[in-house]
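Lettering follows sequence order; numbering is per chain, from 1. Since the model is a prediction, treat every value here as computed from it, not as a measurement.
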2 protein chains.
Amino acid sequence: MPDPIWRRIAEDLRLKIETGELGSGGKALPSELELRDEYRASRNTVRDAVKWLISRGLVETRPGQGTYVVQAIDPFVTSLTAEHSPGVSQTTTYASEVAGRKATVSDPRIEVQKATGKVAEQLGLTEDDSVVSRHQRRFIDDIAWSLQTTFYPMDFVVRGATELLVPQDKPEGVVQYLAEKLGIRQTGWTDIMQVRAPDEVESDFFGLPDDGRVAVIEIRRTAVDQDKKPFRITITTYPADRNQFTVTVVENE
Amino acid sequence: MPDPIWRRIAEDLRLKIETGELGSGGKALPSELELRDEYRASRNTVRDAVKWLISRGLVETRPGQGTYVVQAIDPFVTSLTAEHSPGVSQTTTYASEVAGRKATVSDPRIEVQKATGKVAEQLGLTEDDSVVSRHQRRFIDDIAWSLQTTFYPMDFVVRGATELLVPQDKPEGVVQYLAEKLGIRQTGWTDIMQVRAPDEVESDFFGLPDDGRVAVIEIRRTAVDQDKKPFRITITTYPADRNQFTVTVVENE
DNA sequence: AACGATTTGTTCGTATGTATC
DNA sequence: TGATACATACGAACAAATCGT
């Protein structure tokens, strides 16, 4: 008997959950007191087992109600190599593969900040320069889907792209606007993707448990213009439990 | 006082860790008994706080030794859109961005199986067909880095590509071998990327905690030939705590 | 090699608080 | 309002791992 009691209970419950013996049909698991009697352990030991199931994302507890099996979420698929379609904003949304789902975007929160750290570095700015940031919350079927912040050099506004400061979504796309206004054409981008624990803002917005169990996927997109000069940085975070990504590469012949 | 005691202790410890006041220089945190006295709480309550820090990946406990601040791992960066360089195997390794790191690959474990599920579907096979799978363990600087399984139609072997059954790494690349032997040229691929909890094999190999805290990133790559027909499926899993990915897109003019 | 001290891990019992029905 | 269920907190005991003597 190498394993602790709580672990054996957890494995037993996992088996019963995966075979559908427990929790099917939205019914709750037996209460902690019932499990205590069933496994002849203390309530604390049973709770340790349930905590392990929670950490695996198999169940969730609702105070005053019971312990429920977590229903799998139909994942939303985002392409990181979508073709640039005119009229489709590359700034606020990536192309969606899933039909029949309603994507909505909040109006952006505009801020003007000092350029700092990696953003300044990648945009070729110094600490004295300013950047415009446009922060948006994005939903699918009214479910919190991603948080997105895009940075532009403040110089763009000075040179005439004043609409960057308008706190309103541009469905036709900021990329197209910059092309018309400043002659800056987007010719490509590089994404850097990492998985990390959510911060408090992300936990709140996505409704994630505060134990850091569900990770977020952070994608930093650096877009370059016709001179291969980075002109825009977009940072998007997605909760890992309901997002997938695709990358399609066609080698040139 | 809306927050539980364990949470306040955890936040306080987090602050002290992030400012370097605690745990810097590889020293252990105060023992649970010391923390109990310091915060005037019970040992169990202190342990709840530490558990939260563990779940955030900030600290780790070592039985008989103490609680230590987790050292950040220098992430390994993998490109999902690397150019196909002759001589570089696209089968066993993606291109690495990080210099000075030694990548090694185990000899493959070869299996012949019935084609099932998505693999059969994407390769255009039926349940009666067989597939060859080549499973490899990959290391960077002798650290477990990824697990990879590649599936080919058994028909390839029948048609002459018998080396698919040789349990030995092909540094020059299976892709090149298939091109020479069968005239199948890889012209592109599609990756599907998801984040999920590790299974037991992955936890063991990567040395992950068994509480599912550290997720794995699973990438399923479907490669297509000159007729746009899928001919190879590669499933690779990476531990999320030490891997990043890049995607570079250059729009054609 | 053996032992004792220290530290984390497991398990129990108990009491009280809070949310839901 | 009362009953039920999960959440928090405390105290206690023993086990297991580690380290220094």
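- With rounding to whole Å, A:Asp37 atom CG is found 12 Å from C:dC12 atom P.
- For B:Tyr238 and B:Phe76, the ring centers sit 6.0 Å or farther from each other.
- Side-chain contact between B:Asn243 and B:Trp145 is present, with at least one heavy-atom pair separated by less than 4.5 Å.
- If you check the side chains of B:Arg138 and B:Ser146, you find a donor sitting under 3.5 Å from an acceptor.
- We find that B:Glu38 and B:Lys16 are joined by a salt bridge, their nearest charged nitrogen and carboxylate oxygen being less than 4.0 Å apart.
- In this structure a side-chain-to-backbone donor-acceptor pair under 3.5 Å is present from B:Gln136 to B:Ser106.
- The distance between atom OH of B:Tyr39 and atom P of D:dT8, rounded to the nearest whole Å, is 18 Å.
- What separates CD1 of A:Ile9 from P of C:dT10 is a distance of 13 Å, to the nearest Å.
- Between B:Trp6 atom CH2 and D:dA9 atom C1' there is a gap of 13 Å when expressed in whole angstrom units.
- In this structure, CZ of A:Arg7 is placed 18 Å from C1' of D:dA16, rounded to the nearest angstrom.
- For the segment residues 41-57 of chain B, the set of residues with a heavy atom within less than 4.0 Å of an atom of DNA chain D comprises B:Ala41, B:Ser42, B:Arg43, B:Asn44, B:Thr45, in numerical order.
- For the pair A:Arg134 and A:Tyr152, the cation-pi test (distance below 6.0 Å, angle within 45°) is failed.
- Taking the charged nitrogens against the carboxylate oxygens, A:Lys118 and A:Glu121 have no contact shorter than 4.0 Å, which rules out a salt bridge.
- Counting to the nearest Å, the P atom of C:dC12 and the CZ atom of A:Arg40 are 12 Å from each other.
- Taking side-chain N and O atoms only, B:Thr61 has a distance below 4.0 Å to OP1 or OP2 of C:dG9.
- Annotation for B:Arg242: atom CZ counts as buried by contact number, over 12 foreign heavy atoms lying within 6.0 Å.
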Any protein N or O atoms within reach of nucleotides 4-7 of chain C? Criterion: under 3.5 Å, listing atom names and distances.
from	atom 1	to	atom 2	distance (Å)
C:dT7	O2	B:Gly64	N	3.4

